[in-house]
Amino acid sequence: MWILGTAEGESPSVADVVAAFEETARLLSARVAAMGRTAVFYVWYDAQALQLRCSTASVTRRTLPFGAKVDPDAPLAGIVENYLSGFWPETDEGFVLPVWSVDLGLLVTPVVGSATCRTR
């Protein structure tokens, strides 16, 4: 598990955090492809813990391992904005967890700023 942060009193910009996750996805995709595998990298805001979280899984973007309903096509900038503002979502029966996800691996390259990938 990694914990990333800034110096005390500093706050990262949405663009900085988005760029960091997009670069992470790009680098992970190359590593996963080199192993001849596929995976999904995904990011979500855990409001209860007030944390941005990310993970990889050997599943599809439509079958991410959450107990709640998930929107795997949520824009990363919106998730980061919610985190940085300390947004607390209403979690009623209709709650859908916004998740930014990208496919990793065999000949796929994440498209910057998008939750989709294109083949080379």
Side-chain angles (χ1 to χ4, degrees):
M1 175 178 270
W2 289 71
I3 297 175
L4 304 174
T6 60
E8 190 172 323
E10 293 183 21
S11 181
S13 71
V14 171
D16 290 341
V17 177
V18 166
F21 278 121
E22 287 175 341
E23 178 68 1
T24 300
R26 188 185 67 73
L27 294 171
L28 282 172
S29 189
R31 289 181 68 186
V32 171
M35 294 185 296
R37 309 288 301 249
T38 60
V40 173
F41 175 69
Y42 54 104
V43 177
W44 72 101
Y45 170 46
D46 181 340
Q48 289 181 321
L50 296 174
Q51 297 173 342
L52 275 178
R53 297 186 182 239
C54 64
S55 189
T56 57
S58 298
V59 297
T60 69
R61 293 178 59 242
R62 300 285 175 223
T63 59
L64 293 172
F66 289 97
K69 292 179 185 176
V70 172
D71 173 7
D73 299 316
L76 181 55
I79 294 168
V80 173
E81 286 171 7
N82 285 344
Y83 162 71
L84 292 175
S85 71
F87 174 74
W88 188 266
E90 293 293 327
T91 54
D92 58 11
E93 292 177 15
F95 176 72
V96 177
L97 180 66
V99 178
W100 180 75
S101 61
V102 292
D103 293 306
L104 307 175
L106 299 174
L107 299 177
V108 294
T109 305
V111 176
V112 174
S114 173
T116 60
C117 295
R118 63 175 177 234
T119 57
R120 290 188 218 166

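Remember, predicted model here, so these are calculated numbers, not experimental data. For this chain, numbers begin at 1 and follow the sequence in order.
- Remark: W44 CH2 to D46 CG distance equals 7.5 Å, nearest 0.5 Å.
- Side-chain atoms of R61 and D73, non-hydrogen and from C-beta on, do get closer than 4.5 Å to each other.
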Original post:
Between T38 and D103, does a side chain to side chain contact (heavy atoms under 4.5 Å, CB included) hold up when you go through it step by step?
Top reply: CA-CA 7 Å; T38 60; D103 293 306; over 6 Å; no
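- Cluster annotation: L76 is connected to L50 through the hydrophobic network of ILVMFWY side chains, with a link wherever side-chain heavy atoms come within less than 4.5 Å.
- The two atoms that bring I79 and W100 nearest to each other are CD1-N, 3.3 Å, heavy atoms only.
- V17 places none of its side-chain heavy atoms less than 4.5 Å from the side chain of Y83.
- In the hydrophobic clustering of ILVMFWY residues, with side-chain heavy atoms under 4.5 Å counting as a link, F87 and V14 come out apart.
- Heavy atoms only, all atoms of each residue included: L84 and S11 are closest at CD2-OG, 4.5 Å.
- Nearest approach of K69 to F95, heavy atoms of both residues: CB-O, 3.9 Å.
- Between the S29 side chain and the A25 main chain, no donor and acceptor come within less than 3.5 Å of each other.
- The shortest distance between side-chain heavy atoms of P98 and Y45 does not fall below 4.5 Å.
- Considering all non-hydrogen atoms of both residues, A39 and V32 come closest at N-CG1, 4.1 Å.
- Between T56 atom OG1 and R37 atom CZ the span is 11.0 Å, to the nearest 0.5 Å.
- The side-chain heavy atoms of Y42 and V102, taken from C-beta on, include no pair separated by under 4.5 Å.
- Considering only heavy atoms from C-beta on, L64 comes within 4.5 Å of V59 through its side chain.
- Closest of all the heavy-atom pairs between N82 and S85 is O-OG, 3.2 Å.
- Residues P72 and S101 share a closest heavy-atom pair of O-OG, 2.8 Å.
- Separation of atoms CD (E23) and CG (L28) is listed at 10.0 Å; rounding is to 0.5 Å.
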